[in-house]
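Here's the structure, in structure tokens; my notes come after.
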Amino acid sequence: MKCRICASQAVVALKSHHTAFCPDCYKKFFLRQTERGIESQKLFTRSDRILVALSGGKDSLSLMLALSLLGYRATGLHIDLGIPASSAAARGVTERFCARHGFELIVLETAARGLPIPLVKSRLRRPICSVCGKIKRHFFNETALGEGFDVLATGHNLDDETARLFSNVLRWDASYLADQGPLLEEKAGFARKVKPLWRLTEFETACYAFLTGIEHHYAPCPYSPGATFSTLKGIVRRVEAAMPGRKLDFYQKFLRNGRPRFVAAQPDKALLLKPCPRCGHPTSSGRECGICRIRMAIERNEA
Ligand code: AMP
Ligand code: FES
Ligand code: ZN
């Protein structure tokens, strides 16, 4: 198999694009697709300051490298969750990666803010994954707004996005469908959020990480096997294997034809927001925000 661009030995074949690339041409392809994802959805510009949430996994580290090579102003943010079997390794990988490339990195420890995940897990009866996700998003948002960044970027790829879309469609969850996409605009108390890798699959990101020599943290979280989501990912992957290109098409057509309708049918959520009586953060429930409720559950247990 030959590279479609330069005719040297190809190492990556992409059925959905009917093409194959050598290592150098593949890396350029990845950067072009990332840039296309950013420009077509107007995610940010080269004058914006971007805070990139770095978990230590291949997606977010690939995103950081790609943004820097494309000339964007990116700073990393790693949230150390304090989970004994995995957090130190994820943090170490992220710190080494940023040091190697000379990237600025902010590290925030949830334990230093009273929320180490093992403690939260032991005090709450709800499944830890959704609580942990809420805590991470809270600190992403707080850091982006507090440190004056224009936008917060995560490493979600096309497989993550189509599995989520499929899940939202299965439940016809109009509110989640209105909020799904590579861009969530800034609104009262919430930073602008973007997913620049939305055009790239998990396989394509893994190839980029491998070819650029990114060391990454791939051990699954000891608390969350992520079973439901991987079932949905598997289904979407089987559709893609039978019909190459359908995954990107499904997502792009949702952005073009589906999402605007769900957005138009939504009430203006900003009008419904009220400040949390404990911390002042905007919340739709009219009572304490999600993070304060987690803190209160911990305090109750300590009383
Ligand atoms: P996940 O929900 O684990 O698939 O992660 C999705 C995205 O969230 C990653 O690509 C990162 O951008 C971000 N992320 C997840 N965990 C962390 C973390 N501990 N610190 C910083 N960013 C994270
Ligand atoms: Fe949050 Fe596992 S990463 S519970
Ligand atoms: Zn609050």
Side-chain angles (χ1 to χ4, degrees), residues 50-64 66-67 74-95 97-98 105-111 114-122 124 126-144 151-161 163-164 189 193-198 200 202 205 209 216-226 229-230 233 273-297:
I50 306 156
L51 184 65
V52 186
L54 299 178
S55 61
K58 62 178 177 15
D59 301 295
S60 51
L61 299 185
S62 294
L63 170 62
M64 183 76 182
L67 291 182
T75 298
L77 167 66
H78 178 72
I79 309 286
D80 184 331
L81 302 164
I83 302 173
S86 75
S87 293
R91 176 176 174 164
V93 162
T94 309
E95 286 177 336
F97 167 83
C98 288
L105 173 68
I106 299 170
V107 176
L108 188 150
E109 296 173 1
T110 63
L115 295 169
I117 298 301
L119 174 72
V120 177
K121 182 176 173 349
S122 72
L124 267 71
R126 281 182 287 153
I128 187 63
C129 310
S130 66
V131 180
C132 170
K134 195 186 272 286
I135 292 174
K136 281 192 272 195
R137 287 193 298 277
H138 167 76
F139 288 121
F140 292 167
N141 193 56
E142 189 188 272
T143 312
V151 61
L152 172 92
T154 52
H156 293 96
N157 58 41
L158 183 64
D159 291 51
D160 299 322
E161 284 298 276
R164 182 163 301 284
K193 293 189 198 72
V194 295
K195 299 167 183 167
L197 296 185
W198 67 271
L200 290 141
E202 207 149 285
T205 315
H216 55 93
H217 175 72
Y218 52 81
C221 165
Y223 295 154
S224 52
F229 220 55
S230 43
K233 274 190 177 174
L273 295 176
K274 296 199 182 71
C276 162
R278 197 173 132 132
C279 74
H281 197 266
T283 164
S284 53
S285 68
R287 52 185 191 125
E288 284 83 3
C289 71
I291 295 296
C292 283
R293 274 185 278 140
I294 295 169
R295 290 193 191 282
M296 284 155 63

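Note that ligands are numbered from 1 as they come in the structure, with each ligand's atoms numbered from 1 the same way.
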Looking at Lys195 and Asp160, does any basic side-chain N land under 4.0 Å from a carboxylate oxygen? no

Side-chain ion pair, Arg91 and Asp80, N-O less than 4.0 Å: yes

Are the side chains of [Y] and [X] in contact, using a 4.5 Å heavy-atom criterion?
X      : Y      : value
Leu152 : Asn141 : no
Val131 : Ile294 : yes
Leu63  : Thr205 : no
Val52  : Leu67  : yes
Thr283 : Leu273 : no

Distance under 4.0 Å to a non-hydrogen atom of [X]: what atoms of ligand 1 satisfy this?
X      : answer
Ser60  : 10 (O), 11 (C), 12 (O)
Leu77  : 21 (C)
Thr154 : 12 (O)

Tell me which one of His156, Arg91, Lys58 gets a heavy atom nearest to atom 2 (O) of ligand 1. His156

Where do His281 and Ile291 land on the side chain to side chain contact (heavy atoms under 4.5 Å, CB included) test, with the steps shown first? CA-CA 10 Å; His281 197 266; Ile291 295 296; over 6 Å; no

List the closest protein heavy-atom neighbour of [atom]: residue, atom name, distance to the nearest 0.1 Å.
atom                    : result
atom 9 (C) of ligand 1  : Gly155 N, 3.9 Å
atom 15 (C) of ligand 1 : Ser55 CB, 3.5 Å
atom 11 (C) of ligand 1 : Ala53 O, 3.2 Å
atom 3 (O) of ligand 1  : Lys136 NZ, 4.3 Å
atom 21 (C) of ligand 1 : Leu54 O, 3.2 Å
atom 20 (N) of ligand 1 : Ile79 N, 2.9 Å

Working to the nearest 0.5 Å, report the span between CG of Leu197 and CG of Leu158. 10.5 Å

Return the minimal non-hydrogen interatomic distance between Cys98 and Leu54, and the atom names on each side. SG-CD1, 3.7 Å

Specify the closest pair of heavy atoms between Leu77 and Leu105, including all atoms of both residues, with the distance to one decimal. N-CD1, 4.0 Å

Backbone or side chain, does Cys276 get an N/O/S atom under 2.8 Å to the Zn ion (ligand 3)? yes

Heavy-atom contacts under 4.0 Å between Leu63 and ligand 1: side chain, backbone, both, or neither? neither

Would you mind telling me if ligand 1 is within reach of the side chain of Val52, the backbone, both or neither, using heavy atoms under 4.0 Å? neither

Is Lys193 close enough and on-axis enough to Phe140, meaning under 6.0 Å and within 45°, for cation-pi? no

At the Zn ion (ligand 3), SG of Cys292 and SG of Cys289 open up to roughly (10° bins) 110°

Side chain to side chain contact (heavy atoms under 4.5 Å, CB included) partners of Ser86, counting only residues at least two apart: Ile83, His217, Pro222

Atom 5 (O) of ligand 1 protein-contacted, heavy-atom criterion under 4.0 angstrom: no

Suppose the cut-off is 2.8 Å; which protein N/O/S atoms would you list for atom 2 (Fe) of ligand 2? Cys221 SG

